Amino acid sequence: MDHFIYKNGSLHAEDVALSDIASQVGTPFYCYSTATLTRHYQLFTEALSPLPHLVCFAIKSLSNLAVLKTLADVGAGMDVVSAGEYMRAKAAGVPGDRIVFSGVGKTRDEMRLALIGGIRQFNVESEPELRALSQVASSLGLTAPITIRVNPDVDAKTHEKISTGKKGDKFGIPISRAREVYAEAARLPGLDVIGIDVHIGSQLTSLEPFEAAYLKVADLTHTLRADGHNIRRLDLGGGLGIPYTRDNTAPPLPMDYGAMVKRTVGDLGCEIEIEPGRLISGNAGVLVAQVIYVKHGEDRDFLILDAAMNDLIRPAMYGAHHDIIPVVEPEAGAEQQPYDIVGPICESGDTFAKARNMPKLAEGDMVAFRSAGAYGAVMSSEYNSRPLVPEVLVKGDHFAVIRARPSFDEMLSRDTIPEWL
Ligand SMILES: *Cc1c(COP(=O)(O)O)cnc(C)c1O
């Protein structure tokens with residue numbers, strides 16, 4: 001369920017017509033719905049209740065401060081993977097004790113920043129990281145609460161670039177070596193071992209891989225407790241997929257996911273954390289673009305848009321599908337024709353869709369890429385010196401620009417020409 005629907009023949013975000021936003025900010029732009037963001041957060045907390053839990057939004061999926069504040073205000077924690085994301089969480093008003101630090105390559109500077117600023121826990125991914133964190137925390141006279149990310153060796157059955165829980169992936173420590181590594185962690189100064197962390201991948205469309213991983217985590221909880229560790233928190237990661245198409249292959253709902261969590265780890269007396277990104281932000285955002293030209297091709301017509309792969313890289317990078325719909329509602333039964341939908345960048349990879357059936361479109365018409373909230377704006381770049389597209393947040397009948405489109409001057413001013421040149 002999202003809040004991008006046609007009203008009076010025109011696509012709206014909640015109660016705001018996307019065409020009204022376009023006339024004020026120009027195209028392309030990202031637009032997010034407050035109601036969808038908070039609803040998705042609430043679905044997770046309802047699904048995990050009454051277990052003690054914290055839903056930590058994975059900032060990497062959508063990191064605009066206004067979005068983070070929207071979620072923080074309804075009680076969300078945050079999962080960060082860099083100093084920059086930590087700073088964003090803090091700037092959005094999230095208290096340190098609701099921020100979890102993940103990531104396979106945390107630097108000592110990042111550890112220091114989070115220890116001083118306050119942190120709920122570090123999810124440690126390797127033995128060298130364990131030793132570094134122990135040194136940094138000890139040198140500050142502080143104690144770092146930690147979980148250790150285990151790699152449960154399950155196949156997430158998702159795109160290889162976003163699968164993270166198989167033997168051979170760079171993430172976590174092999175679950176088979178967990179006892180050894182936990183024993184070392186318990187011996188090191190400056191660390192408080194509080195739990196276990198697991199995250200097996202993104203855009204999972206079935207509960208089975210989660211269930212297999214969580215059962216292994218439950219076993220490990222018993223083993224580590226028997227070894228004398230006070231395991232009291234389980235971070236179960238993110239990764240629940242979203243429907244990118246409107247057919248009947250919808251991924252499991254948060255409610256079913258929650259029931260599975262209770263079934264697998266609910267009776268361990270642990271506080272549960274999850275780190276959903278995509279499921280909260282994905283369907284809460286659209287990318288709106290305009291048709292620059294309709295070009296007649298040999299096989300099919302091309303729709304050449306003013307958005308490109310630098311604005312939304314998922315189709316080029318993951319072969320991802322996004323539904324693309326006209327902003328002006330097509331008449332019922334309107335004739336369709338197949339288009340190749342492309343951006344203006346000089347790479348064949350700058351193709352959003354091939355032979356996509358669309359109602360007939362003309363120069364100047366606008367389209368919306370659905371499900372573009374997650375891994376959209378955050379993965380954009382200025383490739384081809386195309387300024388980053390603006391972001392807009394809608395709430396009810398009003399909207400605000402939450403990141404302005406940089407002017408060409410602003411974009412160029414970040415470069416410097418050395419004096420000697
Ligand atoms: C990417 C990531 C997430 C979020 O994944 P989604 O698929 O967006 O839910 C959560 N935790 C970690 C450690 C991640 O790397």
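No experiment lies behind these values; they were computed from the predicted model shown. Counting from 1, the numbers follow the sequence of the chain as shown. Whatever order the structure lists them in is the order used to number ligands and atoms, beginning at 1.
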Open item on the list: For His159, give me all partners under ring-ring contact (aromatic ring centres under 6.0 Å, His included), at least two apart in sequence or on another chain.
Closed with: Tyr318
Per-pair distances, ligand 1 N/O vs protein N/O, less than 3.5 Å:
| residue | atom | partner | partner atom | Å |
| --- | --- | --- | --- | --- |
| ligand 1 | 7 (O) | Ser202 | OG | 2.3 |
| ligand 1 | 8 (O) | Arg278 | N | 2.7 |
| ligand 1 | 8 (O) | Tyr375 | OH | 2.5 |
| ligand 1 | 9 (O) | Gly239 | N | 2.8 |
| ligand 1 | 9 (O) | Gly277 | N | 2.9 |
| ligand 1 | 11 (N) | Asp79 | OD2 | 3.4 |
| ligand 1 | 11 (N) | Glu275 | OE1 | 2.5 |
| ligand 1 | 15 (O) | Lys60 | NZ | 2.6 |

TODO: Scan for ring pair (Phe, Tyr, Trp, His ring centres under 6.0 Å) pairs involving residues 66-99, sequence neighbours excluded, and state none if there are none.
DONE: none
Open item on the list: Do Ile21 and Val394 have side chains that approach each other closer than 4.5 Å (heavy atoms only, starting at C-beta)?
Closed with: yes
TODO: Keeping to residues at least two apart or across chains, list the ring pair (Phe, Tyr, Trp, His ring centres under 6.0 Å) pairs with something in residues 103-131.
DONE: Phe101-Phe122
Task: Proximity of Tyr6 and His12 rings by center, below 6.0 Å - done: no
- [ ] Just say parallel, tilted or perpendicular for the rings of Phe210 and Tyr214, cut-offs at 30° and 60°.
- [x] tilted
